Amino acid sequence: MAAMTLVCVPILVDEVHVALSLAEHARLAGADLVEYRIDHLFHGEGDEEGEAGTLRLAAESPLPCIITCRPVSEGGDYDGDDAARISLYQRLAASKKPPRYIDVEHSTLARSANLRQKVHLAVEHDDQPRSLSTSLILSAHDFESRPRDLLQRLSAMRGESAARVLKLAWMARSVRDNLELFDILQERDRPTIALAMGKHGLMSRVLAAKFGGFLTFASLQPTTVTAPGQTTVAQLLETYRFRSIDRQTRVFGVMGHPVSHSLSPDVHNAGFASLEGAAGNAVYLPLPTAPGWESFKATMHALVDYEALDFGGASVTLPHKENALRFAKENGWKVEPAAERAGAANTLARDWASGGWFAANTDLRAIVECVRSRVGSNLAGKKIAVIGAGGAARGAAAGLADAGASVTIHNRTRARAENLAAELAEGTTAPGSIAAAEMDSLADSGAAVFINCTSLGMRHGPAESAMAFDPRELQGAEDAVVFDTVYTPLETPLLRAAREAGLARIDGAEMFVRQAAAQFEMFSGAEAPRGLFDQVVREALGRLT
Ligand code: NAP
C-alpha cells in the first residue's frame with residue numbers, strides 16, 4: 001500500500017512556548033507533523049538562547065517535527081552564516097531527542113563541499129556509521145515562477161544520496177503549473193514533496209495525496225500561513241477530505257476570475273462527501289483562470305488532456321461562460337440546447353460512460369425551476385418581467401420564453417433590452433414571447449413574476465443599497481413574486497422591500513442551489529442532496545453578514 005501523504009503545519013517560531021502550544025493545536029486539528037521555522041529564533045554564531053530554544057522544540061514537540069532555519073536567499077529570515085546553522089543541526093541530531101527531519105536547501109549543499117560534509121555527518125543515510133534518527137529533506141524554492149533550470153536542478157537533487165526526501169516548491173502562474181509537479185511526483189525515486197505556491201497552487205496541495213506526495217503543508221488559521229496559497233488544516237481535512245483522496249479520486253472545480261470566494265467548493269465537496277462508494281471519491285477545487293479566451297482554452301485543454309488527473313468537469317463562472325460554450329463547440333463537444341440558447345455555458349462535464357464531454361447551462365434551468373415552484377409548472381402566457389440585459393437576463397428570458405411565458409425585458413439601457421429581445425426572438429420556435437419595455441413601465445406591467453438580473457443591491461457591487469424597482473409601488477400585484485438573482489446579501493434591499501410589501505419572494509441562494517444541484521447531478525451521476533446544498537449555501541452566506 002502506498003505511504004499516506006502527511007499533513008504538516010509550518011510554525012514560524014518567535015517564542016518556544018507559543019510554538020509548542022501551536023504544535024499541540026496542530027496535533028488536535030489532525031496534523032501528522034510540524035515544521036518549526038527557526039529563522040526568527042536562531043541568529044547564528046554564539047546565539048546560545050536560540051540554540052537552547054531549538055533543542056527544546058525538538059525535545060518537547062507533541063508531533064514529529066522538521067527543523068528548518070531558512071536563509072534570506074531562499075525566502076526565509078535567517079541572515080547569520082551557514083556554518084552556524086549547520087553546526088546547530090549537528091548538535092540537534094546528536095541530542096537526546098533529535099528532530100525527525102531537518103530541511104536544508106540544495107543550493108547550500110551545492111555551494112560548499114564543507115557544508116555538504118557537515119550535513120552528511122548530521123543525518124542518517126546509507127553510509128552513515130553512527131546511529132542517527134534525523135533524516136534530510138533537501139529543498140529548492142522559487143518564489144517567482146517555475147525555475148528555468150528545473151530539470152537540471154531535479155537531477156542534481158536526485159544525485160544527493162543522503163537526502164531521504166526531496167522538496168520542490170515554486171510559485172505557480174496558472175493552474176497548469178500544478179501538472180508538472182504531478183509529473184515529478186509520479187516519477188519520484190524517493191519520497192518527494194512537490195508543491196506550487198500562490199493562489200494557483202492549491203490544487204498541488206490538495207492533490208498531493210492523489211499523486212503520492214510525501215507531505216502537504218496546511219496552516220492552523222488563515223492568518224498563520226507561511227506560504228501564499230496554503231489551505232488550513234480544517235479546510236484540507238474537512239472540506240477537501242484529504243484523508244480519503246487516493247489515486248482514483250476524480251477531480252472537479254470552478255473556473256473563473258476571481259473564484260476565491262466561490263461557494264461552489266463548499267457545496268460540491270459536501271455533495272461528494274454524502275455519496276457512498278466510488279461515486280463519492282471526488283474532490284472539487286477552485287481553479288482560478290485569468291480572464292481571456294487564450295487563458296481559458298489553455299487551462300481547459302491542460303486539465304482535460306492530463307489523463308492521470310481524472311478531471312471530470314468544471315463549473316464555469318464570470319468571465320468565462322461564453323468561453324466555455326466556445327470551447328465546447330470548437331472541440332466538437334455536445335452542447336445542451338439551453339447553453340446554445342443562452343449563448344453561454346456554466347458547466348463543462350465529462351460523460352464517464354462514453355468518455356465524451358458536454359456543455360450545459362444550469363443557470364437557465366434553475367431560473368425556470370424557481371419560477372415554476374411558485375407559480376405552477378404551466379408557464380404558458382404567464383407574464384414575467386426580467387430586469388437587466390446581461391448574461392443572467394439572457395438566460396432567464398430565453399429559458400422562460402421557451403417554457404411558454406410571455407417575457408418583457410426592462411433595462412437601464414433600453415437599446416440593450418431591444419437588441420436582446422430581438423436576438424432571442426429570432427428564428428425561435430419557442431411557445432412564449434419576448435419583448436422589450438421601458439424601466440418605468442415595470443410598476444404597472446401586471447407581471448406575475450419580477451426577476452432582478454442586474455447587480456443592483458449586491459454587496460461590494462456598484463450600487464449596494466439600490467434596487468432595480470420598488471416592489472411597494474407595484475400596482476394591483478398582491479400575488480406577484482419578486483425574484484432576486486443576487487445572493488450577497490441573502491436578503492437584498494429588493495427582497496426586503498418585497499417582504500415589507502407582503503409579496504412572495506425567491507432569493508438568489510435558491511437559484512444558486514438549484515443550478516449547483518443540476519451541475520452536481522451531471523458531475524456525479526447521482527441525485528443531488530438539495531437540502532444539504534441549501535444548508536451549506538445559507539450557512540456560508542449567513543457567515544458573511
Ligand atoms: P452583467 O452581464 O454585467 O449585466 C448587468 C446588468 O445590470 C445590465 O443589464 C446593466 O444594465 C445592469 N446594471 C448594472 N448597474 C446598473 C445600475 N446602476 N442601474 C441599473 N442597471 C444596472 O451581469 P450578469 O452576468 O447578467 O449578472 C447579473 C447578476 O446576476 C449578478 O449580480 C449575479 O449576482 C446574478 N447571478 C446570480 C446567479 C445565481 O446563481 N443566483 C447566477 C448568475 C448570475 P446596462 O445594460 O444599462 O449596463
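Just so we're clear, the structure is a prediction, and the values are computed from it rather than from any experiment. Both ligands and their constituent atoms are indexed starting at 1 by order of listing.
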Residue Met458 vicinity, atoms of ligand 1 by number, heavy atom under 4.0 Å: 32 (O), 34 (O)

Would you mind telling me if ligand 1 is within reach of the side chain of Ala366, the backbone, both or neither, using heavy atoms under 4.0 Å? neither

Of all the non-hydrogen atoms in the protein, which one sits nearest to atom 27 (O) of ligand 1, and at what distance? Ala392 CB, 3.9 Å

Who's closest to atom 39 (C) of ligand 1 heavy-atom-wise, of Met511, Glu510, Arg412? Met511

Would you mind checking if Glu491 and Arg499 are paired as a salt bridge, meaning a charged N to carboxylate O distance below 4.0 Å? yes

Could you tell me, atom by atom, which parts of ligand 1 come under 4.0 Å of a heavy atom of Gly508? 41 (N)

Can you tell me the protein heavy atom closest to atom 47 (O) of ligand 1 and the distance? Thr413 OG1, 2.5 Å

Protein heavy atom at shortest distance from atom 46 (O) of ligand 1: Arg416 NH1, 2.6 Å

Closest approach of His320 to Gly256 (non-hydrogen atoms, all atoms of both residues): CD2-CA, 4.0 Å

Considering only protein heavy atoms, determine whether one is less than 4.0 Å from atom 33 (C) of ligand 1. no

At a non-hydrogen distance cut-off of under 4.0 Å, which region of Tyr487 contacts ligand 1 (side chain, backbone, both, or neither)? side chain

Side-chain ion pair, Asp363 and Arg394, N-O less than 4.0 Å: no

Under a 4.0 Å N-O cut-off, is there an ion pair linking Lys334 with Asp351? no

Of Arg414, His410, Lys321, the residue with the heavy atom nearest atom 43 (C) of ligand 1 is Lys321

Atoms of ligand 1 less than 4.0 Å from Gly388 heavy atoms? 9 (O)

Does Glu500 come within less than 4.0 Å of Arg496, counting only side-chain N to carboxylate O? no

So is Pro462 polar-close to ligand 1, meaning N/O to N/O under 3.5 Å? no

For atom 2 (O) of ligand 1, is the nearest protein heavy atom closer than 4.0 Å? yes

Atom 10 (C) of ligand 1 sits nearest the protein heavy atom Asn411 OD1, 4.0 Å

Note the single closest protein heavy atom to atom 35 (C) of ligand 1, along with its residue, its atom name and the distance in Å. Thr485 OG1, 3.3 Å

Contact partition for Val486 relative to ligand 1, non-hydrogen atoms under 4.0 Å: both

Is the shortest side-chain N to carboxylate O distance from Asp142 to Arg148 below 4.0 Å? no

Pull out every atom of ligand 1 sitting under 4.0 Å from any heavy atom of Phe512, numbered as shown with elements. 40 (O), 41 (N)

Backbone, side chain, both or neither: what part of Leu456 comes under 4.0 angstrom of ligand 1, heavy atoms only? side chain

Protein heavy-atom partner closest to atom 7 (O) of ligand 1 - residue, atom, separation in Å: Thr454 CB, 3.2 Å

Pairwise distance OG1(Thr347) to CG(Leu325) - rounded to 0.5 angstrom: 11.5 Å

With Glu510, which of Arg530, Arg374, Arg538 fulfils salt bridge (Lys or Arg N to Asp or Glu O under 4.0 Å)? Arg374

Atom 23 (O) of ligand 1: which protein heavy atom is closest, and how many Å away? Gly391 N, 4.6 Å

Quick one: are the ring centres of His268 and Phe252 less than 6.0 Å apart? no

Is any side-chain N of the basic residue among Glu369 and Arg365 closer than 4.0 Å to the acidic one's carboxylate O? no

Using a strict threshold of under 4.0 Å (side-chain N to carboxylate O), is an ion pair present between Glu322 and Arg326? no

Mind listing the closest non-hydrogen atom pair of Phe272 and Ala279 along with its distance? CD2-O, 3.7 Å

Could you tell me if the side chain of His261 sits less than 4.5 Å from the side chain of His460, heavy atoms only? no

Give me the residue, atom name and distance of the protein heavy atom closest to atom 4 (O) of ligand 1. Gly390 CA, 3.5 Å

